[in-house]
Amino acid sequence: MEPKISEKAWNPELEKNILKQWEEEKIYDFKPNDDNFTIDTPPPYPSGRPWHIGAAAHYSQIDMIARTARMAGKNVYFPIGIDRNGLPVELYTEKKHKIRMRETERGEFLNLCKDALDDLEAEMILIMKSLGISGDFANYYRTDSEEYRSLTQSTFIDLWKKGEVYLANRPNNYDWVSGTTIADAEIIYDDLQTKLVYMKFKIKDTDKEIIIASTRPELLCACRTIIVNPDDERYSNYIGEKIIVPITNSEVELRTHHSAKEEFGSGAVMVCSYGDQNDVALFRELQLEEIVAIGLDGRMTEVAGEYAGLKPKQARTKIIEDLETAGFVEKIEDIVHRTPISERSKIPIEIIPMEEYYLKQKEKIGKMKDIGKEITFHPNMHKQILMNWLESINIDWPISRRRFYGTEIPIWYCKECSEPHVPEPGKYYRPWNEKCPITNCTKCKSTEFIGEERTFDTWMDSSVSPLFISKFNRDDEFFKKVYPASIRPQAKDIVRTWLYYTLLRCEELTGEKPWSEAWIMGYGLDEKGMKMSKSKGNAIDPLPVIEKLGADTFRFWSASEINHGYDFRCNEQKIESTKKFLSKLWNVSRFLSSFPVIDSGIPTASDKWILSELDKLVKECKKGYEEYNFFIPAIAIREFTWNVFAAHYIEMVKARAYGIDFSDEERNGAIFTLHKTLATILKLLAPITPFITEHLWKILYSNESIHQQKQVNFEDIEEQTEITKEIAEFNSKVWNEKKSQNLSLKDSIKIEIPEILEPFKKDLKSMHNLLD
RNA sequence: GGGCCUGUAGUCUAGCUGGUUAGGAUACCGCCUCGACAUGGCGGUGAUCAUGAGUUCGAAUCUCAUUAGGCCCA
């Protein structure tokens, strides 16, 4: 009997042919019907080379979701998109061409960004395809396409008309390196070394002084008041007194406020516009008039007097010197201070009052909480990230950005009276470069307009992804069928941005939640558990790994190593060692391929035993697949295939399958059971390793793709776990005994079979060559 | 400062509705060509289950404190 499979190992090169076949046969094509499973696939962002190996793992798992759903009989809509709006590509382009955005002509700069994006995007598409992602590549979308941007703009125009958008002059987080306002969500915190300066402030008309500690002495010129804790007895006599600010000699009042901590510094705190978020809250609460000490260029303004024009850090150094010279310094401590930093440019942000557009969100928080409660989270613990974020939102969403590569805010201002005008929705507008489509100002009838130059926060684009993929406003019939989406898979670090903003926007625009399930994954860390980054040099390029080991190896590694929802470590050696399992599966199949596939057989005791173990496996996998937790089936299938099926069952029935000293009926029982078990394993494994299972399936069982099969269901056979343990123990005992007697495995030996294994006697005897 | 999550052999992890010789994978060491597989088989080394205390006849598993890490917020 020649095996149908002759090659001794799985060759990842075969994956390329299989991909081609899938493409030709269009087996993943989507046509909407009445019961669709829509995946709101995260469009990856091309920010540089190489693409993150953690992202490759992430997309592999998203594909497992699609394949699981497909095999569960669902009509799967799996769109593929690329997110192309935003700051990172601008920074990449500036660096690549050694230019500065603001010193380059806008159209020219946009073209350079586009080219960079095209290159980076090509690499990502290549990786996604090689991974076997069963998405709709033929219709992939870009968030910077006219179609997408016009959706973003239309939804904005809609909200504008509903009065959800307003312009406000408020203290904003300002990143002066990027030259833009940033949302709270884009701020990270880092512990930075800084100096805590203890300064002497004179109390007016007395010879007394109080000590105030601050890390921002350059903001003395913007100091409006000094606060102490109401319980702080050190200052109780001076409440309401005028205090003279050193250097500037201005007078401010000493007041009490609970936010001043007695134990910090001297207990007295100067309140300036704006040192930190607490200052912002105090200015608002105490209705103080702000002093703008730092300008949009990130330098001190004229109110800083002789420090004007300096960067805050330089001004700080200089003012400390001057304070020391003038005798205002009591002492200076070096401390580590938790400082808010721009996530993108990594520099400390400044808080500067600016006029920006806001989208109302505060009054929606209750509604968002309700929707959040309705959505199933996988794993459930990550719902907490959203809930915590909802608890802590305290301002509306600033949506305008002073950048170039983004969706333009579609507003024109009347040149005469400055009245803002929004155009009709449905088209893509570029106000910085286009004539206003409105002919006369609605207020003063003037015909001259100035186009808005700012762009939207990129989350304004990304947050309508469920609407874009479902052709909202473009194809009502299609929209009705695929919206709301079934599932949103995404990484856990963007729950408070992408996930939250999507809930907010989609609910505002459709009155419905965007999806019923959210599937949240952790980050890929390097082998030491550190976050991967290009600057640290610990980033792993996924492409060579996939090319060398094959997509299935990579995918099985991702399923078997990543505990769903938790951060995971990427280690090339571990990915490589996963390959062994595919090799095992290959060889099991190679062995079985030497026996004919038969439809039925009468199972013996051994066959019934392995079928009960198989049924247990099916149950276990079903549990994992229902939660889209691929760790469960991956581990269970590997354990069963290797350590139960191959190690014990196949060895037990080998002689029977060959028909040596067994009847035809007994032989058929073995062959039938062997194939039934393997066919089941292949189906169970198909969502995780689509290539090798497809290849083996087609050679052994059917011309029709395994990915068009229904997943197997369990039959509820009674478990025989006790037998499994006994068999493994008995086999181990025999192997050990032969070893200690220096016998070869094929040599005969006399060992008593335990009573419980009596029904398996004939198989065990032939397996170990046992003497009576 | 507050919140959420986590801490099991070098590494990844199972077990955590209390009672297991703490299971598996990987790495490492030794032996072995037995008609699927040396990308294999068999055997072995390796864990005071982060630390301390408590509840209990009994705790990796429950409670509290401490500590370390991750993420988030202020």
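Order of the sequence lines sets the chain letters (A, B, ...), proteins ahead of strands, with each chain counted from 1. Atoms considered below: every heavy atom in the structure, side chains included; atoms not considered: hydrogens, waters and symmetry mates.
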Would you mind reading off the distance between [X] atom [atom1] and [N] atom [atom2], rounded to a whole angstrom?
X: A:Trp557; N: B:U13; atom1: CH2; atom2: P; answer: 11 Å
X: A:Glu620; N: B:G15; atom1: CD; atom2: C1'; answer: 12 Å
X: A:His768; N: B:G41; atom1: NE2; atom2: P; answer: 15 Å
X: A:Leu499; N: B:C4; atom1: CG; atom2: P; answer: 20 Å
X: A:Ile632; N: B:U13; atom1: CD1; atom2: C1'; answer: 13 Å
X: A:Ile385; N: B:C71; atom1: CD1; atom2: P; answer: 12 Å
X: A:Leu743; N: B:G43; atom1: CG; atom2: C1'; answer: 15 Å
X: A:Trp389; N: B:C72; atom1: CH2; atom2: P; answer: 11 Å

Between [X] and [Y], what is the ring plane arrangement, given parallel below 30°, perpendicular above 60°, and tilted in between?
X: A:Trp389; Y: A:Tyr500; result: perpendicular
X: A:Trp397; Y: A:Tyr501; result: parallel
X: A:His768; Y: A:Phe730; result: perpendicular

Now, which nucleotide makes the Watson-Crick or G-U wobble pair with [N], with each of the two distances under 3.5 Å?
N: B:U67; result: B:G7
N: B:U48; result: none
N: B:C34; result: none
N: B:G58; result: none
N: B:U39; result: none

Quiz prompt | Close side-chain approach of A:Phe630 to A:Tyr625, heavy-atom, < 4.5 Å | solution = yes

Quiz item: Is the shortest heavy-atom distance from the side chain of A:Ser589 to the side chain of A:Leu678 under 4.5 Å?
Solution: yes

Exercise. Using heavy atoms to find the nearest nucleotide of RNA chain B for A:Glu729 and A:Trp10 separately, return the residue whose nucleotide is more 5′.
Key: A:Glu729

Between [N] and [M], how many Å separate the two [atom1] atoms, rounded to a whole number?
N: B:G54; M: B:G69; atom1: C1'; value: 26 Å
N: B:U17; M: B:G24; atom1: C1'; value: 23 Å
N: B:C62; M: B:G18; atom1: P; value: 9 Å
N: B:C34; M: B:C42; atom1: C1'; value: 11 Å
N: B:A22; M: B:C4; atom1: P; value: 34 Å
N: B:A60; M: B:A9; atom1: C1'; value: 14 Å
N: B:C49; M: B:G30; atom1: P; value: 30 Å
N: B:G15; M: B:A25; atom1: C1'; value: 15 Å

Quiz prompt | NZ/NE/NH1/NH2 to OD/OE distance under 4.0 Å, A:Lys654 and A:Glu651 | solution = yes

Quiz item: Which residue pairs satisfy the salt bridge (charged side-chain N to carboxylate O under 4.0 Å, His left out) criterion with at least one member in residues 551-564 of chain A, sequence neighbours excluded?
Solution: A:Asp63-A:Arg555, A:Glu561-A:Lys574

Self-check item: Listed partners of A:Gln741 passing side chain to side chain donor-acceptor pair (under 3.5 Å), at least two apart
Solution: A:Glu737

Quiz item: Could you run down nucleotides 24-37 of chain B 5' to 3' and tag each one B, S or - for protein heavy-atom contact under 4.0 Å?
Solution: SSSS--BB--BBBB

Practice problem: Given salt bridge (Lys or Arg N to Asp or Glu O under 4.0 Å), test A:Glu729 with A:Lys733 step by step and report yes or no. | Solution: CA-CA 6 Å; A:Glu729 267 171 24; A:Lys733 186 178 160 192; over 6 Å; no

Quiz item: Under 4.0 angstrom, heavy atoms only, what part of the nucleic acid is A:Asp276 near: base, sugar-phosphate, or nothing?
Solution: nothing

Exercise. Look at all strands and tell whether A:Phe581 reaches a base, only sugar-phosphate, or nothing, counting heavy atoms closer than 4.0 Å.
Key: nothing

